[in-house]
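As structure tokens, the structure follows; a few thoughts come after it.
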There are 2 protein chains.
Amino acid sequence: MGTKQQITEKITALLKDSKLSVTDTRMKILELFMKSNGALEHSDIETQAGQSFDRVTVYRTLQTFLDKGIIHKIPTTDTSVRYAVCKSECSEHDHHDHHVHFKCESCGTTTCLDETNIPEISLPKGYAMHNVEVVVSGVCKTCK
Amino acid sequence: MGTKQQITEKITALLKDSKLSVTDTRMKILELFMKSNGALEHSDIETQAGQSFDRVTVYRTLQTFLDKGIIHKIPTTDTSVRYAVCKSECSEHDHHDHHVHFKCESCGTTTCLDETNIPEISLPKGYAMHNVEVVVSGVCKTCK
DNA sequence: ATTATTTTTGCAACATAGTTGCATTTTTAT
DNA sequence: ATAAAAATGCAACTATGTTGCAAAAATAAT
């Protein structure tokens with residue numbers, strides 16, 4: 001995991017690589033993502049960060065991270081929007097998260113199963129495929 | 001597709017099979033689903049039905065249909081919730097929609113590709129799978 | 001067919017989620 | 001150290017979803 005300072009350095013580097021200003025909000029939110037073993041939604045961030053920053057700032061920060069390919073959204077069947085940090089292969093203009101997302105019905109956590117590949121899906125004639133999202137629900141390793 | 005009256009009879013039968021009272025709202029909303037070739041979200045229903053019924057009634061009707069296995073939700077990466085009618089194999093207690101959902105980036109329509117099966121996905125050790133959701137995005141047959 | 005019971009609907013009020021404009025503050029560049 | 005650019009916080013607003021309760025409609029019983 002690394003020391004507090006190592007994480008700080010890593011986050012700073014990530015922001016600079018993405019040509020983003022290094023601000024307290026961005027640092028703290030990225031830190032939350034790094035620490036968390038699952039995906040976060042807006043409300044998680046507000047809760048876990050205390051009352052330290054404005055709702056609007058959180059919305060804008062998440063949007064910025066999305067734009068830069070630092071985080072990605074995970075599809076859900078409710079109104080929540082879940083975000084997770086992207087693997088290094090993702091970039092601003094070449095965004096792909098071809099891994100399986102797993103939602104645990106017991107603890108509610110959503111995680112990215114980075115090792116688990118998505119098998120080929122053959123669409124009917126006439127359909128062009130750009131992206132595939134897979135969300136598996138069940139019981140995770142920890143809850144079992 | 002059938003005449004107006006045939007559709008009405010079909011919908012009435014569907015409601016009675018699900019042990020639901022036959023009401024104007026439920027008839028009209030189910031008719032919208034039947035007519036639509038794609039998934040609908042709450043706002044679509046309110047728009048397409050005119051101002052004829054209350055927001056709250058629409059929410060409650062959709063929830064009822066979900067409970068009875070008449071419709072199912074489709075995962076999205078935004079805050080919208082999309083619904084589509086279930087195939088006949090679905091029932092109240094045995095709900096499964098093991099087909100691929102396709103979201104067209106051009107026309108925005110989400111459709112169920114009932115013929116397209118979801119391939120096996122092997123999860124890491126320790127994970128138990130209950131359900132799989134697949135959403136493919138790209139360009140649909142019509143828009144191509 | 002009429003009435004009684006149950007269910008559904010619509011309204012009001014509320015709660016949560018997300019957006020926009022603008023002034024102030026912070027960050028970065030000079 | 002200062003100027004320019006970017007990010008933040010606040011206020012106000014829009015959209016989305018929920019709950020309780022009384023009125024209306026649908027089903028069941030007589």
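These numbers come from the heavy atoms of this one structure, side chains and all, not from hydrogens, waters or symmetry mates. Protein chains get the first letters and strands the later ones, always in sequence-line order, with residue 1 at the start of each. This structure is a prediction, so every number in the text was calculated from the model and none was measured.
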Find the distance [X]:[atom1] to [N]:[atom2] and express it as a whole number of Å.
| X | N | atom1 | atom2 | result |
| --- | --- | --- | --- | --- |
| B/Lys19 | C/dT8 | NZ | C1' | 19 Å |
| A/Ile45 | C/dT16 | CD1 | P | 18 Å |
| A/Lys68 | D/dA6 | NZ | P | 11 Å |
| B/Leu15 | D/dA25 | CG | P | 18 Å |
| B/Asp67 | C/dT7 | CG | P | 15 Å |
| B/Asp54 | C/dT9 | CG | C1' | 8 Å |
| A/Leu62 | D/dT8 | CG | C1' | 15 Å |
| B/Arg26 | D/dA25 | CZ | C1' | 11 Å |

Sugar-phosphate, base or nothing in reach of B/Thr25, heavy atoms under 4.0 Å | sugar-phosphate
Across the strands shown, which category fits B/Thr64 at heavy-atom distances under 4.0 angstrom: base, sugar-phosphate, nothing?
->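 The answer is nothing, as B/Thr64 stays clear of every strand by at least 4.0 Å.
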Donor-acceptor pair, B/Ser36 side chain versus B/Gly38 backbone, under 3.5 Å?
->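 Indeed, once roles are kept as given, a pair shorter than 3.5 Å links the two residues.
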Do A/Thr12 and A/Met27 have side chains that get closer than 4.5 Å, going by heavy atoms?
-> yes
Among residues two or more places apart or on two chains, list those pairs meeting salt bridge (Lys or Arg N to Asp or Glu O under 4.0 Å) that have a residue in residues 20-32 of chain A.
-> A/Lys4-A/Glu31, A/Glu31-A/Lys35
Taking all heavy atoms of [X] and all of [Y], pick out the closest pair and write down the distance.
| X | Y | value |
| --- | --- | --- |
| B/His101 | B/Pro75 | ND1-CD, 4.5 Å |
| A/Arg55 | A/Glu46 | CG-OE1, 2.9 Å |
| B/Thr25 | B/Thr61 | CG2-OG1, 3.8 Å |
| B/Leu14 | B/Leu30 | CD2-CD1, 3.9 Å |

Listed pairs under 3.5 Å, donor-acceptor, residues 108-120 of chain A side chains, sequence neighbours left out:
none

N/O-N/O pairs, protein side and nucleotides 17-24 of chain D side, under 3.5 Å:
unit_1 : atom_1 : unit_2  : atom_2 : d
D/dG17 : OP2    : B/Tyr59 : OH     : 2.7
D/dG17 : O5'    : B/Tyr59 : OH     : 3.4
D/dG17 : N7     : B/Arg55 : NH1    : 3.1
D/dG17 : N7     : B/Arg55 : NH2    : 2.9
D/dG17 : O6     : B/Arg55 : NH2    : 2.9

Collect all protein-nucleotide pairs involving nucleotides 23-28 of chain C in which both atoms are nitrogen or oxygen and the distance is under 3.5 Å.
unit_1 : atom_1 : unit_2  : atom_2 : d
C/dT28 : OP1    : A/Val22 : N      : 2.6

Which value, rounded to the nearest 0.5 Å, describes the distance between B/Lys103 atom NZ and B/Thr76 atom OG1?
->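 Between atom NZ of B/Lys103 and atom OG1 of B/Thr76 there are 7.5 Å.
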Could you go through the ring pair (Phe, Tyr, Trp, His ring centres under 6.0 Å) check for B/His72 and B/Tyr83 one step at a time?
-> CA-CA 5 Å; B/His72 63 268; B/Tyr83 303 88; 9.2 Å; no
With clusters built from Ile, Leu, Val, Met, Phe, Trp and Tyr whose side-chain heavy atoms come within less than 4.5 Å, directly or transitively, what are the remaining members of the cluster of A/Ile74, listed by chain and number?
-> A/Val135
Rounded to 10°, the angle between the first-five-pair and last-five-pair axes of the helix from C/dA1-D/dT30 to C/dT30-D/dA1 is 40°
